[in-house]
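Remember, predicted model here, so these are calculated numbers, not experimental data. Order of appearance sets the numbers: ligands from 1, and atoms from 1 within every ligand.
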Amino acid sequence: MRAALVAILSGLCIGKLQAQADNNTLPHLVTQDGHHALIVDGAPFLMLGAQCHNSSAWPATLPKVWPAIDFLHANTLEIPVYWEQFEPEPGRFDTSVVDTIIKQAREHNARLVLLWFATWKNGSSHYLPPWMKSQPDKYPRIIGKDGRRVDSPSPHAPATLAADIRAFSALMRHLKAKDTQHTVIMVQVQNEPGSWNTVRDFSPEAEKLFTSPVPAELLKVMGTNAPAGGGNWPEVFGTNADEYFHAWHVARYIGQVAAAGKSEYPLPMYVNASLRDPLTPGPASKYESGGATDNVLWIWKVAAPAIDVLAPDIYQNDSAHYLKVLELYSRPDNALFVPETGGTSGQARMCFAALGHGAIGWSPFGLDYTKYASQPLGAPRLTEESLGQVALNYRILGPIMREVARLNFEGKLQAVAEEKDELRQTLDFGNWQAVISYGVARNGSPKGNSEPVGRALIAKIGENEFLVTGAFCRVDFKAAAGGQRDFLRVEEGGYEKGAWRPLYIWNGDETDWGLDFSSAPQVLRVLLGTY
Ligand code: DGJ
């Protein structure tokens, strides 16, 4: 009976939603009309990610990583490659750990984003191999304004740059040879680069550069905002000179590492940023200076063209801050990718807010079972219960991730997360408005969920037809031209190789008050009319 219904209903489907996969295509980013997609196996791919803890990328700890990834149904694991492990002696590269990670990822049907922990890790240089750390004059840290060394690598250190380029190139060369099936889909170059506790390097070399002319490329993008004839950093940038100078040189350095790696094997590459407060930033002394904070994205874009994406690590908990960051990093010249964020129940819904800004991926930090707890930043000590809301996201989105990525790329998708005290949200689709309400009883008015956990995703797939999913919310529609909304047909189903496969029809209680989503992963295809 069900098979017959499926056969009849599938005849009503509007063609395939997805191009045939092509395993030979190298992962790459595409942009069209200001929308972005990460192409994996020849089609848009949505990274439903999880990042393990910093010290979890060892054969001894991986058995505590994979059970969490499997439980979550994450399709992508973000995992470090440590320079200290990869190059134990100058010029000798140990690929054994990265090979183990790739092998196990395949066994767990997961893709990888490799995090190159090298010159910078959270603004310091703690992942330099010991043979480098023991030569601090050759591989120097920066000097603060008071003349003391600061625990942050100098971006003006040719020997460190040359060593990083050599090691990163070896890694990318190895991936090219080893990973012909593209298990690794993207690479993070360094980790939260920049400097804490000083706005820039004040060493003699840095001082010389600071009073040299601002590079012509930078003046060019400034257009008429640049002083005629240019000038040195203080002359051109005044009070911002210290910070902009540092951002330029950190970005320039990392851009060279990325470009060298890409010349071996051109996977998509990104840099993650420790953020400044997006609403009330304050001076650079209050955040990590030199990284890709929102005020210097334009500098990074010019200084490091080999970096495809500047990606925010979002640990802000309130939605005003979170949403502002999403807005700042989703730009026609920058695909939104959230490579780190909190993994708590309260933050899980923000995955949908990110999708609403066109995200190509979203990935909470610290989701493994090693029992390390990084509160208040990342996830608390994990249990299947605390992972539940992120797992729910991935149970909803996993089966439709190709369609979500494609519809976002085509600019047809909108998605939202519940905000405290905002009981109803409206999304404008032209001839239809989608109305999402939270904490609503059958025919009552919305009261909001006791905690804001609601989320909804809606894509317009035909003139009067929508793909709808969500959790802890009600979705309904209003016709812009007036008239009462009529559900002509509401199918629950899923996609198989890009073709919609309906399972059954919703009607009666399931549609009389609107479309109610709870904690069950349900995807609907909704045909609307009016009367
Ligand atoms: C942000 C960093 O990028 C991560 O590697 C990690 O250190 C987290 N902060 C917090 O634990």
Side-chain angles (χ1 to χ4, degrees), residues 47 49-58 61-62 64-65 68-69 74 76-86 97 101 112-128 151-153 186-197 250-251 254 257-258 269-278 286-294 300 307 309-317 321-322 325 329 336-344 346-347 350 354 361-382 386-387 390:
M47 289 179 280
Q51 183 167 150
C52 64
H53 281 297
N54 286 172
S55 303
S56 297
W58 294 96
T61 47
L62 286 173
K64 298 215 187 298
V65 173
I69 301 305
T76 306
L77 169 65
E78 296 178 358
I79 187 163
V81 174
Y82 315 117
W83 193 0
E84 63 181 345
Q85 179 281 320
F86 187 69
V97 176
I101 293 169
L112 294 170
V113 170
L114 296 182
L115 318 173
W116 177 235
F117 280 15
T119 300
W120 280 272
K121 164 67 176 77
N122 296 19
S124 303
S125 49
H126 299 174
Y127 282 87
L128 258 55
D151 187 12
S152 187
M186 188 131 110
V187 178
Q188 179 186 290
V189 191
Q190 318 295 334
N191 190 87
E192 291 193 349
S195 307
W196 293 96
N197 305 320
V250 173
I254 295 174
V257 176
M269 293 189 186
Y270 74 98
V271 163
N272 64 331
S274 171
L275 303 178
R276 63 180 200 154
D277 186 318
K286 289 180 72 175
Y287 51 88
E288 189 181 2
S289 174
T293 48
D294 65 78
W300 271 80
I307 294 295
V309 175
L310 301 172
D313 289 350
I314 314 182
Y315 288 101
Q316 275 92 355
N317 281 329
H321 281 81
Y322 208 112
V325 174
Y329 284 79
L336 177 66
F337 172 42
V338 183
E340 286 185 42
T341 190
T344 59
Q347 284 158 316
M350 298 315 269
W362 183 87
S363 178
F365 175 81
L367 301 194
D368 64 42
Y369 292 150
T370 54
K371 300 285 185 227
Y372 180 79
S374 63
Q375 271 198 313
L377 276 175
R381 278 173 190 255
L382 295 181
S386 62
L387 286 178
V390 176

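Within the structure, ligand 1 has Lys121 among the residues with a heavy atom less than 4.0 angstrom away.
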Problem set entry | Val271 vs Trp120, side-chain contact (heavy atoms from CB on, under 4.5 Å): CA-CA, chis, key distance, verdict | CA-CA 11 Å; Val271 163; Trp120 280 272; over 6 Å; no
Problem set entry | Steps toward side-chain contact (heavy atoms from CB on, under 4.5 Å) verdict (Ile79, Leu62) | CA-CA 10 Å; Ile79 187 163; Leu62 286 173; 3.7 Å; yes
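Classification of the Phe365-His53 ring pair by plane angle, with boundaries at 30° and 60°, yields perpendicular.
Geometrically, ligand 1 and Asn191 share a nitrogen or oxygen pair separated by less than 3.5 Å.
Judged by distance alone, the side chains of Gln316 and Tyr322 never bring a donor and an acceptor atom under 3.5 Å apart.
Close approach of ligand 1 to Glu192 (heavy-atom distance below 4.0 Å) involves ligand atoms 1 (C), 2 (C), 3 (O). Near Asn54, the atoms of ligand 1 lying under 4.0 angstrom from a non-hydrogen atom of the residue are 4 (C), 5 (O), 6 (C), 7 (O). Taking every non-hydrogen atom of Asp313 and a distance limit under 4.0 Å, the qualifying atoms of ligand 1 come out as 3 (O).
The only member of Trp300, Tyr329, Trp116, Phe337 that meets ring-ring contact (aromatic ring centres under 6.0 Å, His included) when paired with Tyr270 is Phe337.
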